[in-house]
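Both backbone and side-chain heavy atoms feed into the values below; hydrogens, waters and symmetry mates do not. This is a predicted model, so every value here is computed, not measured.
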Amino acid sequence: MSNELHENCKRCGRVLKSEVSQRRGYGPDCAEKVGYGKEMDLTNLLEGEAEHVGD
């Protein structure tokens, strides 16, 4: 994990004001839209369907 601070959101380009947002690289709205922090469902990987990840 990188300790890099981002000045702008990696999704929309807006200026990031909070340190939390700067660390993750996304503002709160964009973080939710890109699924930042959500655990990936590994069910398909366990069943051998890894080719569908990201569909």
Side-chain angles (χ1 to χ4, degrees):
M1 179 175 243
S2 173
N3 290 328
E4 178 182 2
L5 294 180
H6 300 270
E7 292 183 17
N8 300 89
C9 178
K10 296 188 287 186
R11 181 175 179 274
C12 72
R14 289 185 179 170
V15 174
L16 298 173
K17 297 177 182 176
S18 77
E19 186 176 343
V20 170
S21 294
Q22 291 171 347
R23 289 194 182 281
R24 68 182 169 209
Y26 298 100
D29 292 335
C30 289
E32 185 176 334
K33 288 179 182 178
V34 300
Y36 185 92
K38 295 192 183 222
E39 293 183 35
M40 185 177 157
D41 181 3
L42 299 177
T43 305
N44 288 340
L45 291 175
L46 296 174
E47 294 174 359
E49 297 179 15
E51 67 272 7
H52 296 293
V53 172
D55 287 354

*Can you name the closest pair of heavy atoms from Cys9 and Gly27 and give their distance?*
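Heavy-atom minimum between the residues: SG-N, 3.9 Å.
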
*Provide the closest heavy-atom pair for His6 versus Gly25 in the form atom of the first, atom of the second, distance.*
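Of all heavy-atom pairs spanning His6 and Gly25, the closest is CD2-CA, 3.5 Å.
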
*Glu19: partners by side-chain hydrogen bond (donor to acceptor under 3.5 Å, both in side chains), with sequence neighbours left out*: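 For Glu19, the residues satisfying side-chain hydrogen bond (donor to acceptor under 3.5 Å, both in side chains) (neighbours in sequence not counted) are Arg23.
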
_Test log, rule side chain to side chain contact (heavy atoms under 4.5 Å, CB included), inputs Val15 and Asn8_ = CA-CA 4 Å; Val15 174; Asn8 300 89; 3.8 Å; yes

*List for me each residue that meets side chain to side chain contact (heavy atoms under 4.5 Å, CB included) alongside Val34, sequence neighbours excluded, and say none if there are none.*
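Side chain to side chain contact (heavy atoms under 4.5 Å, CB included) list for Val34, sorted by chain: Arg11, Tyr26, Tyr36.
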
*Out of curiosity, Leu5 CG to Arg24 CZ, how far, rounded to the nearest 0.5 Å?*
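Interatomic distance, Leu5 CG to Arg24 CZ, rounded to 0.5 Å: 13.0 Å.
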
